[in-house]
2 protein chains.
Amino acid sequence: MEDHPFDPRESLVFLTIRVGKLLANHLHKQERMEGQEFPPHCMGVLVDLWTRDGIRQQDLAVSTIKDKASITRALDVLEKHNIALRIPDPNDKRTKRIYLTHKGRQLKYDLMPLADQAVAEAVQGIPEKEVATCKRVLHRMYENMNKKL
Amino acid sequence: MEDHPFDPRESLVFLTIRVGKLLANHLHKQERMEGQEFPPHCMGVLVDLWTRDGIRQQDLAVSTIKDKASITRALDVLEKHNIALRIPDPNDKRTKRIYLTHKGRQLKYDLMPLADQAVAEAVQGIPEKEVATCKRVLHRMYENMNKKL
DNA sequence: CCCGTTTGGTTTCAAGTGCAACCAAATGAG
DNA sequence: CTCATTTGGTTGCACTTGAAACCAAACGGG
């Protein structure tokens with residue numbers, strides 16, 4: 001059994017979990033201040049729909065790292081707000097494909113600046129090159145751990 | 001208003017949030033398989049107690065990025081399992097200082113290997129040097145966003 | 001075909017979370 | 001000293017979540 005003389009808070013696991021939480025909280029608060037009419041938990045789903053329009057609910061669950069039940073509920077909200085639509089797949093009556101409405105596509109231009117600003121504040125004073133490396137590493141970690149994709 | 005031609009999923013915000021979630025899920029599952037008797041949400045609190053024994057609840061809330069109400073409830077569980085103790089501060093009757101029991105300190109040696117293993121799987125195939133940079137960047141982001149510390 | 005199995009999605013239930021209201025102790029200006 | 005304010009912690013509430021049970025459609029070997 002390996003010894004652990006270092007500070008456990010320095011572990012990549014806990015650092016990532018905590019920074020993720022800080023960023024999520026930050027975003028939620030900004031969205032609330034902007035008076036967004038849909039609840040914060042829909043954000044993650046939206047992000048994927050912006051680039052994967054027409055995706056199945058199941059695949060949304062995998063890429064957003066949520067339970068498929070959570071996707072069901074998020075889509076209920078997004079449909080109610082006319083942001084996304086569930087369209088039954090003609091080839092398989094079980095599956096529904098999710099499409100953004102015009103409003104849903106436009107939201108990208110309201111919300112991405114918030115994300116950009118959150119990043120900007122978070123990486124203040126950190127060399128741009130290192131931030132780029134961090135991003136690349138996180139992307140590969142995401143792929144490593146989400147092989148189901 | 002800036003344009004956003006790139007994939008929003010590549011934004012540092014969403015990458016970090018998602019990798020954090022993947023890691024958290026992974027840990028929770030491993031803990032459950034190991035038959036840990038305390039619920040997963042106590043992990044974050046434990047991590048800080050390992051290096052900041054005697055800390056106040058309020059400060060725990062800040063460093064673990066949880067509500068102080070959540071800390072109250074996590075400590076109820078940890079006390080019930082004889083992992084931590086609430087000791088009233090002699091100088092200020094309002095505050096309680098949290099101390100680990102022997103069992104609580106020992107848990108580090110059961111749980112840190114799980115965290116190590118999670119990291120190992122996540123960073124497979126990524127140059128060690130880049131992982132180190134990523135860690136350093138995340139640490140600075142943590143400090144940038146949690147100035148209350 | 002036919003029926004057991006798998007897959008996509010919804011519903012239900014038991015946590016866990018943050019916010020707000022609250023209580024008790026400490027602080028501090030007048 | 002006194003009372004309004006602040007601070008540390010707990011409790012109640014509304015909301016989100018994942019797990020499991022469930023239903024309907026598709027698949028697939030016999």
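Below, read A as the first sequence line, B as the second, and so on, with proteins coming before strands; counting in each chain starts at 1. Side chains included, hydrogens not; waters and symmetry mates left out as well; all remaining heavy atoms used.
- With rounding to whole Å, B/I65 atom CD1 is found 19 Å from C/dG16 atom P.
- Taking a heavy-atom distance under 4.0 Å as the criterion, the stretch of DNA chain D touched by chain A extends 5' to 3' from D/dT16 to D/dA26.
- Residue contacts for B/R56: at a heavy-atom cut-off of 4.0 Å it reaches the sugar-phosphate backbone alone, with no base atom in range.
- For the side chain to side chain donor-acceptor pair (under 3.5 Å) with B/Q57, the lone residue among B/R97, B/K96, B/R86 that qualifies is B/R86.
- The structure places CG of A/L107 at 8.5 Å from CG of A/L100, a figure rounded to the nearest 0.5 Å.
- For A/E79 and C/dT10, the CD to C1' distance is 13 Å, given to the nearest whole Å.
- The NE2-C1' distance, from A/H41 to C/dG18, rounds to 15 Å in whole Å.
- Within the structure, a side-chain polar atom (N or O) of B/S70 is placed less than 4.0 Å from OP1 or OP2 of C/dG18.
- Side-chain atoms of A/T16 and A/L138, non-hydrogen and from C-beta on, do get closer than 4.5 Å to each other.
- Place B/N91 and A/R94 on DNA chain C by their nearest nucleotides, and A/R94 ends up nearer the 5' end.
- Look at B/R56 and B/D92 and you find no salt bridge, because none of the NZ, NE, NH1 or NH2 atoms lies under 4.0 Å from a carboxylate O.
- When the side-chain nitrogen and oxygen atoms of A/R97 are compared with OP1 and OP2 of C/dG9, none of them lie within a distance under 4.0 Å.
- Of the two residues contacting DNA chain C, namely B/D92 and A/D92, the nearest-nucleotide position lying further toward the 5' end is that of A/D92.
- Side-chain nitrogen and oxygen atoms of A/Q57 include none within less than 4.0 Å of the OP1 or OP2 phosphate oxygen of C/dT7.
- Summarising the geometry, the separation between CD1 on A/I71 and P on C/dT10 is reported as 10 Å, rounded to the nearest angstrom.
- When the P atom of C/dA15 is taken as reference, atom NE2 of B/H28 falls 16 Å away, rounded to whole Å.
- Atom NZ of A/K80 is surrounded by 12 or fewer heavy atoms from other residues, nucleotides or ligands within 6.0 Å.
- Counting non-hydrogen atoms of other residues, nucleotides and ligands closer than 6.0 Å to NZ of A/K93 gives a total of 12 or fewer.
- Residue contacts for A/K93: at a heavy-atom cut-off of 4.0 Å it reaches the sugar-phosphate backbone alone, with no base atom in range.
- In this structure, CD1 of A/I87 is placed 16 Å from C1' of C/dG9, rounded to the nearest angstrom.
- Salt bridge annotation for B/D48-A/R18: present, with a cationic side-chain nitrogen under 4.0 angstrom from a carboxylate oxygen.
- Straight-line distance from the CG atom of A/L75 to the P atom of C/dT10: 7 Å, rounded to whole Å.
- When the C1' atom of C/dT11 is taken as reference, atom CG of A/D67 falls 12 Å away, rounded to whole Å.
- Residue-level contact check: B/T95 touches the backbone only, with heavy atoms under 4.0 Å from sugar-phosphate atoms and none from bases.
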